[in-house]
Amino acid sequence: METVFISKLKPFLEEISKKSDLYIPVKKAEHWTFNRYNPDEIDEVEFNSIRTCLPVKEFSFPPRELAAAFPEPLEAKQIKPFAVFGLKECDLHSIEILDKVFYEGEFQDPFYIARREKMFIISGDCTQAGQSCFCNLFGGKGFADLGFDLNVSKIKDGFIITEGSQKGKRFIGDNPDLFADAPDTLLAQRDENRARVKKELEEKNADLKFTSKISEIIQGSQDSDVFDIEAQNCIECQACTRVCPTCHCFYLYDTKKPDYFAKMKMWDSCMRMAYAGVAGGANPRKVLGDRIKHRLLHKFVYFLERYGIDMCVGCGRCVDADAGGIDIREVLKKLDEEKKQKKTNQAEIAK
Amino acid sequence: MKNNPYQPLNAEIVDIIDESALIKTFVVTPDETFRFRTGQFVELTLPGEGEAPFTPSSSPADTEKMEFTIMKAGSVTSLLHNCDKGQKVGIRGPFGNGYPLDDFAGKDVYIVGGGVGLAPIRSLFLSLLDRIKDFNSVVCRFGAKTPKDFIYKDSLFGPWQKLDGVDMKLTADEADSNWEYNVGLVTNILSEDDVDIKNAVVVVCGPPIMMKFVTFQLVEFGFPDSAIYLSMEKNMSCGIGKCGHCMIGKYYVCKDGPVFTYDQIKAYPNIWD
């Protein structure tokens, strides 16, 4: 993969924004959020240290969209190419997960795919481990090897840009004036930063070491009280599922527009009481603890069985957002502890 | 837009048949030929109002029109019950797997149904009749709360009682003096001798509580879990295994079901709720 050097972000991003809409991270209070890039409004683009507060799924899977119309079907909407700067490794990982769902086999989601294919991804190395980051539990390390068009690594006096796709390669090739060579000394700086963040992540989450695989922990703890105990703190705000970059439940509903009938597709949450209920009144998850359990089973057991990958990237957004103070890392620890305890008890009984 | 799985095909309600106080059969003609396998379901849209999943009760051999037997139970079904002939509707699908009729060949087909659960069973039954010689026998055990609650009364109490190769018993939980069939729950008319357990498949469709106790009784009789086919009613919405509402464990009922064998799903929590 080719690497090049830039000293400032703005000229690079300005070039990107000439050909497509561009979204960049902007700091608001202690969080990062995506804003539409307007070169007249800012002197220099900030490089986000960690992932944004809201998930990147919004770009390909918007919170609400028109999915069908009556009596005349929808015309295919033209999606303009757009670029997003500041995605982190965990974000790319979440895109990989959503791709599995929406590109799957027989029934693809044309709306997701239309946006996804127009998305130019400019990722960036993390420059620190965030408060709630635990991506290392899922193989994360703070920088991406795959899944981007271009990747940006911050170094002392500038940035290293790495190409990750034909589209990215072409952009570098088309704009020789923007880029300088990246000598080995600068690449060494990048690698040093990467090693530092990786170590920071590992140290931060040193206590997140389990004796069994997460899928086995959850699978084996279906009769645990932990879910009902956690439910006592849950205020059912559904924020965990909204900010989760991999949660993809949605709700189809019909509505009347002035001159046509519409079928809308809107984010939904499995934490909602009526989510799995049917008209006859049956509901397999009336109890909140059962909904919390189902969410974890889906993420770590069912999705893994179906797609061969966990449906969690360890971004910690749900930890930040949870008004009731439920921390998925702590829940996993408690369940693992219970499992260990159970094993010890069984061993003692066996003696 | 081509290949939009959320876009229904336009259709029209051309006839409405009263089945019982809360159940009507809607005869629907789609604008284009619509094919399905028995046991698959479709999402029926009342434009501007809502959408709900139903398994057609008609034979897949009829490609001109489809029938849906629908109980008034929630918001969409209540609105449908207020509709008249000529109402425009939309249909999406067909979705899911349906009944594996080829796997039933050479076997006793034991069908246990209750209430509005007879709707998918009617489609299955008509499909079985089309190739009745392929099956060792077709044994039906149907129940309803009262005689009035039976749907398809004209067929059930008439011609379906006299079909060659079909053994049919009916029961009502509570009956009046005119009732000439059995009285009691459907589990009361099941017998170990109804079919050859070693060479039979059972299809169960009805309210969740009935399916639960029928399944337990079948297991007690010695039917293998893999021979018990359950039509699961969950909150199927997108129909394409994405939106998540209908999950039973790792399965999407809309895509991997709605027909499951008991061994596929019995380990998962709250399957009967």
Side-chain angles (χ1 to χ4, degrees), chain A residues 66-77 101-102 104-112 114 222 247-257 260-265 268-270 274-287 290 293-294 297-298 301-306, chain B residues 1-10 31 43 45-53 70-78 88-90 92 95 115-116 207-209 233-252 254-256 267-273:
Chain A
L66 182 63
F70 302 87
E72 291 304 315
L74 281 182
E75 292 290 315
K77 200 166 127 192
V101 175
F102 290 111
E104 194 192 21
E106 198 184 347
F107 296 109
Q108 301 192 328
D109 184 307
F111 303 98
Y112 178 90
Q222 297 206 37
C247 274
H248 54 270
C249 287
F250 61 87
Y251 177 66
L252 292 173
Y253 70 94
D254 289 79
T255 183
K256 292 167 188 151
K257 301 277 182 187
Y260 65 99
F261 296 116
K263 192 180 291 297
M264 307 295 293
K265 179 179 158 207
D268 200 359
S269 171
C270 63
Y275 173 82
V278 299
N283 184 345
R285 294 185 292 278
K286 278 196 184 101
V287 179
D290 286 345
K293 178 164 65 182
H294 174 76
L297 278 164
H298 186 199
V301 180
Y302 305 150
F303 200 86
L304 185 70
E305 283 180 24
R306 219 174 164 99
Chain B
M1 184 189 280
K2 263 192 190 169
N3 304 324
N4 177 4
Y6 309 114
Q7 179 69 49
L9 176 65
N10 291 335
D31 277 5
E43 290 283 348
T45 299
L46 196 53
E49 300 292 352
E51 186 176 56
I70 297 172
M71 184 163 78
K72 191 172 169 177
S75 57
V76 175
T77 51
S78 297
K88 301 286 183 198
V89 293
R92 292 195 297 126
F95 298 123
V116 77
I209 184 97
E233 184 208 15
K234 294 287 163 206
N235 185 5
M236 292 90 99
S237 174
C238 73
I240 56 177
K242 302 197 191 315
C243 82
H245 290 83
C246 66
M247 284 180 89
I248 296 181
K250 70 172 174 180
Y251 296 115
Y252 290 93
C254 69
K255 193 167 168 231
D256 308 314
Y268 292 119
N270 312 334
I271 57 168
W272 307 112
D273 295 329

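All values below come from the heavy atoms of this structure, side chains included, with hydrogens, waters and symmetry mates left out. Chain letters run A, B, ... following the sequence lines, proteins first, then strands; residues in each count from 1.
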Part of [X] lying under 4.5 Å from any heavy atom of chain A:
X        : answer
B/Met236 : neither
B/Asp256 : side chain
B/Lys88  : neither

Do [X] and [Y] touch side chain to side chain, with heavy atoms closer than 4.5 Å?
X        : Y        : answer
A/Lys286 : B/Asp273 : no
A/Asp268 : B/His245 : yes
A/Lys263 : B/Arg92  : yes
A/Phe261 : B/Thr45  : no

(request) Flag the one option from B/Gly50, B/Gly244, B/Gly249 with the top tally of heavy-atom pairs under 4.5 Å to chain A. (result)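 Result: the option with the highest number of such pairs is B/Gly249.
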
(message) Given 3.5 Å as the limit, does a donor-acceptor pair link the side chain of B/Asn10 with the main chain of A/Pro71, or not?
(response)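 Yes: the side chain of B/Asn10 pairs with the backbone of A/Pro71.
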
(request) Give a yes or no answer on whether the side chain of B/Gln7 reaches the backbone of A/Ala69 with a donor-acceptor pair at less than 3.5 Å. (result)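 Pair found, side chain donor or acceptor close to backbone of A/Ala69.
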
Looking only at non-hydrogen atoms, find the nearest pair between [X] and [Y] and report the distance.
X        : Y        : value
B/Lys255 : A/Arg306 : NZ-NH2, 3.7 Å
A/Gln108 : B/Pro5   : O-CG, 3.6 Å
A/Tyr302 : B/Met247 : CD1-CE, 4.0 Å

(request) Please name all residues satisfying ring pair (Phe, Tyr, Trp, His ring centres under 6.0 Å) with A/Tyr112, sequence neighbours left out, ordered by chain then number. (result)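 Ring pair (Phe, Tyr, Trp, His ring centres under 6.0 Å) list for A/Tyr112, sorted by chain: A/Phe102.
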
(message) Just to verify, what does B/Phe95 make a ring pair (Phe, Tyr, Trp, His ring centres under 6.0 Å) with, not counting sequence neighbours?
(response)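 Ring pair (Phe, Tyr, Trp, His ring centres under 6.0 Å) list for B/Phe95, sorted by chain: A/Phe107, B/Phe41.
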
(request) Kindly compute the distance separating SG (B/Cys246) from OH (A/Tyr275), expressed to the nearest 0.5 Å. (result)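 If we round to the nearest 0.5 Å, B/Cys246:SG and A/Tyr275:OH are 8.0 Å apart.
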
